[in-house]
Amino acid sequence: MAAAVPAVGWVRAAAALLLGCCGAALASGVQDQAEQFFRSGHTNNWAVLVCTSRFWFNYRHVANTLSVYRSVKRLGIPDSHIVLMLADDMACNPRNPKPATVFSHKNMELNVYGDDVEVDYRSYEVTVENFLRVLTGRIPPSTPRSKRLLSDDRSNILIYMTGHGGNGFLKFQDSEEITNVELADAFEQMWQKRRYNELLFIIDTCQGASMYERFYSPNIMALASSQVGEDSLSHQPDLGIGVHLMDRYTFYVLEFLEEIHPASQTNMNDLFQVCPKSLCVSTPGHRTDLFQRDPQNVLITDFFGSVRKVEITTERISLDPDLADFERKLPKDELAMEPLKYAEQLPVAQIIHQKPKQKDWHPPGGFILGLWALIIMVFFKTYGIKHMKHIF
Amino acid sequence: SGGMLAAALLLLLLAAGPWPGPGPVPVRAGRDALREELLLSPLPDGDPRGTRWGGQGLTLPAVSHYRLFPKALGRLVAALGVRELHLALTQGFWRTRVWGQPPLQAPAGAELWVWFQPTVTDVDKAWEELSNILSGIFCASLNFIDSTNTVTPTASFKPLGLANGTDHHLLRYAVLPREVVCTENLTPWKKLLPCGSKAGLAVLLKAERLFHSSYHSQAVHIRPICRDASCLAVSWELRQTLTVVFDTFSSGQGKKDWSLFKMFSRTLTDACPLASQSKVYVDISPKNKEKELLEVAPPPTSVHEAIVQGDKRTYAVYDLLSPSVFNTSRSLNVQLKWKRPQDSLDLPTPILHAQRYVSGYGLQTGEISTLIYNTHPYRAFPVILLETVPWYLRLYVHTLTIITKGKENKPSYIHYQPAQDRRRPHLLEMLIQLPANSVTKITIQFERALLKWTEYTPDPNHGFYVSSSVLSALVPSVIAMKDVDVEQSPLFTSLFPSSDGSSYFVRLYTEPLLVNLPTPDFSMPYNVICLTCTVVAVCYGSFYNLLTRTFHVEEPSRGGLAKRLANIIRKFRGVPPL
């Protein structure tokens, strides 16, 4: 009896220990999952979408940018957090047979322009300088809020660029270009000013991979539509509109994004697989060595969507229904002594007799003074100093 | 041109002001109110024209309590000391000669003119801030407004609201003729409306139909007005107007009858619940004093007669707030049918219209000509012409000629401010008397400047725009206008305050001009660098070689191992070595 009890006690202790270990393991597993949920570390999402091409035949670049804009809005990023730069207007272009529309699929199936679009930088405002100022935040003080990238160190930013490019540069509006070194330096400035938490850079141009070769700041993931030495090709023309509607890479990215909804768990590895060489003709590339997390764990909605963390409270809050008291506090209006009048639209008599503005008197400038001094000196030198006393 | 098509003018007017109107809550003086109106009227050559006007009012100084008045504009007006603000974004050109006098015309592109309060000390700084803030609100490139395209008119653009003294140094006027207007400008415009585009007359505003038109103009006007008939208190009025001229021929399968559904692909379902008044006016004025040509369906609530622009007009009115309108069907689709073929549809030529063009050849000089027509048979009236020409077209004022009926016409008032390169544009304002039934031709010659190569736009071969000239005139009316109570008359008649009924004020704009400047070949810097570098390299390289190259005699090499071994064997053989 005395021997059995310690034995049972020993078994019981062992069982308890085992259970304890399992419990600890399970608990840490749950805690890991909970940590995973919060590990992305961002609290807000921004998007900077840039189309750098001008002229009607570059319709596809505007359609590319607008389809990313549409997806990003659909997945939850509001207009106030999107900086959209379109270098030319295709929707209301006189050559557009269907005004106020930009289509991405032939036979005019999908209008990516929509009815609720806000373009922040239009037409001539899309320049390299403005783009770099938006990224780095070094903007003149009079810039309105909608044109600023007001990100902080907990922001995930999506940057999408499309247009014509080459090995190491991207062309802006056929008149200037931005090099990969400048872009990398801009991102480094953003990192040093803590203007982003994580950054996803997507570029759809010819030889796009050259643009992300020079990045050196942490937490950047980059995708490009073609490798160095390859051209990115356009997808399909529409015979009614007369131009190519989209580029291949962005077309397949759009199809991929159309299946994503705000609660999707799709990760970045799936985005890397979009548009293999058989469909795209060029080889899309990506770069993840600067990114700290594993792309397997990065959700698409971390960059393309804006997932808010909501806390539900059951507290009761009562709004003040006493409006009369508030209205009593409004300041009283002043009443004029005599009735006010509207201005006369064409007061002919007053206009004709308008006194001409007195020309402001400016003191003579240095040149005139010098000229007169020279003339006087020459005169007195030639004719002698004795004339001076007649003057002074 | 010349197609006999039904046209419609759509006028939506939203006006809000402290209104002593009926409502569930007694409206205090100090409350803002909303009025919306839609005016449809056929145009002579058949294009439907729609204008939608909206206005809201807010009493000063209760600028902290925004109910209907949009807070964005209210705060802007208060912070920058703005007395009046008029912003118009337009695509297309109003063809006055064919379509008649416009109710409110705007020049192509973006036009902004502002009167500041006398308390503003630095008007230029406030103007710059204002244009930047508005560019953010309306998604337009208004931030390009700077001193190179801003002028201070001295005789035109008198305030449209209450004013006690008009020091023109408080006025600024700028036009951006190159500005494009598209859905991104309409979206913020719609967001300023209290009901948005969800209820009321604004449900008709869908971008795809509105931009498929010959003329599209949206505007925002803020001005102080009399609060009531006694005019002892002031309140703010915000008027939002949208004028569209539809081309039924191209979009309506060539039929002449039109309806709301055909034009907008939508019908009206209800009035905006926040509006105190919501009406649709259809212009059924008989033309040429014959009996009516037009028939409207469903039958209107009432018929209203008014004198608009000096002429008597009849309108069929649909009051969306009256219960009878939506009684039978849930939606209102106003239809207009022509009773008989429109061979005789002919609007009389407007009394004042103008035309402008540029002539000359080559890329050095040119001439701007403006033709102003006064078609009134016996009345003469003065007109103010305001021209703003960019600095890179150097005007020669000594070549300015004004010729009427073959004789020279000297203006009663002329104000000319010459341009300063890269700082200020030319401003030319003239008060010209137009004799009855005459054509006045104003010509001025200019020379084109060569810009610095960084100042060209990315598409310089498109050309450079010269903004429209503005003609302001008091045109004699055909029928004298009686003094009407402003609150009861439709909104589209009350934008320009009229002093007496014998004439009405009209502001016309001419066409903008497109001028080619001498454009350099932008690849030349690259070419020059390549050529110069090659020449320098060849010259320098040759000289360097000549000066530093030395010649040494070189021993023939002994040869490799194989050769040496072969030579040893040959020596043994007695044969000469390799």
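Residue numbers begin at 1 in each chain, while the letters A, B, ... track the order of the sequences. Bear in mind the structure is a predicted one, so any value in this text is a computation, not a measurement.
- Taking all atoms of both residues into account, the shortest heavy-atom contact from A:F55 to B:D459 is CE2-CB, 3.8 Å.
- For the pair B:E208 and A:K98, the salt-bridge criterion is not met [side-chain N within less than 4.0 Å of a carboxylate O].
- In terms of non-hydrogen atom pairs under 4.5 Å with chain A, the most contact-rich of B:I133, B:L134, B:L160, B:I137 is B:L160.
- Most heavy-atom pairs under 4.5 Å with chain B: of the set A:P94, A:A343, A:P140, A:G114, this distinction falls to A:A343.
- Between chain A and the options B:E429, B:R223, B:E179, the largest number of non-hydrogen pairs under 4.5 Å is found for B:E179.
- For the pair A:Y342 and B:L162, the tightest heavy-atom approach, listed with the atom from each and the gap, is CD2-N, 3.8 Å.
- Heavy-atom pairs under 4.5 Å with chain A peak, among B:S156, B:P159, B:S213, at B:P159.
- Contacts between B:F157 and chain A at a heavy-atom distance below 4.5 Å are absent for every atom of the residue.
- In this structure, chain B has no heavy atom under 4.5 Å from any part of A:N93.
- With salt bridges taken as basic N to acidic carboxylate O contacts below 4.0 Å, one links A:D116 and B:K191.
- Proximity of A:S175 to B:Y456: side-chain heavy atoms (C-beta onward) are nowhere separated by under 4.5 Å.
- With chain A as partner, the option from B:S141, B:A140, B:A207, B:S472 having the largest number of non-hydrogen pairs under 4.5 angstrom is B:S141.
- The heavy-atom pair separating A:S146 from B:G136 by the smallest distance is OG-O, 3.5 Å.
- Using modelled atom types, one finds no donor on one side chain facing an acceptor on the other under 3.5 Å when comparing B:E129 with A:S142.
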Run the side-chain contact (heavy atoms from CB on, under 4.5 Å) check on A:I351 and B:H415 step by step: do they pass?
CA-CA 10 Å; A:I351 290 171; B:H415 171 75; over 6 Å; no
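- In this structure, CD in B:E184 is found 10.0 Å from CG in A:D120, a value given to the nearest 0.5 Å.
- Looking at every heavy atom in both residues, B:H212 comes nearest to A:P97 through CE1-O, 4.0 Å.
- For chain A, no part of B:F522 is nearby; none of its heavy atoms comes within less than 4.5 Å.
- Considering every non-hydrogen atom in both B:P382 and A:V348, the closest pair reads CG-CG2, 3.9 Å.
- Residue A:R54 touches chain B through its side chain alone, counting heavy-atom pairs closer than 4.5 Å.
- Contact annotation for B:F211: both backbone and side-chain heavy atoms come within less than 4.5 Å of a heavy atom of chain A.
- By number of non-hydrogen pairs under 4.5 angstrom with chain A, the leading residue of B:S230, B:C139, B:A163 is B:C139.
- Residue B:R507 comes nearest to A:Q345 through the heavy atom pair NH2-OE1, 4.0 Å, listed as atom of the first residue, atom of the second, then distance.
- Using a 4.5 Å heavy-atom threshold, the side chains of B:Y413 and A:H353 count as separate.
- Of the residues considered (A:K147, A:E125, A:Q173), A:E125 shows the highest number of contacts with chain B, using heavy-atom pairs under 4.5 Å.
- For the atom pair A:L346 CG and B:F381 CZ, the distance stands at 10.5 Å (nearest 0.5 Å).
- Heavy-atom contacts from other residues, nucleotides or ligands closer than 6.0 Å to NZ of B:K206 number more than 12.
- Side chains of A:Y121 and B:N143: a donor-acceptor N/O pair is absent below 3.5 angstrom, by distance only.
- Of all the listed residues (A:D115, A:D174, A:D89), the one sharing the greatest number of non-hydrogen pairs under 4.5 Å with chain B is A:D115.
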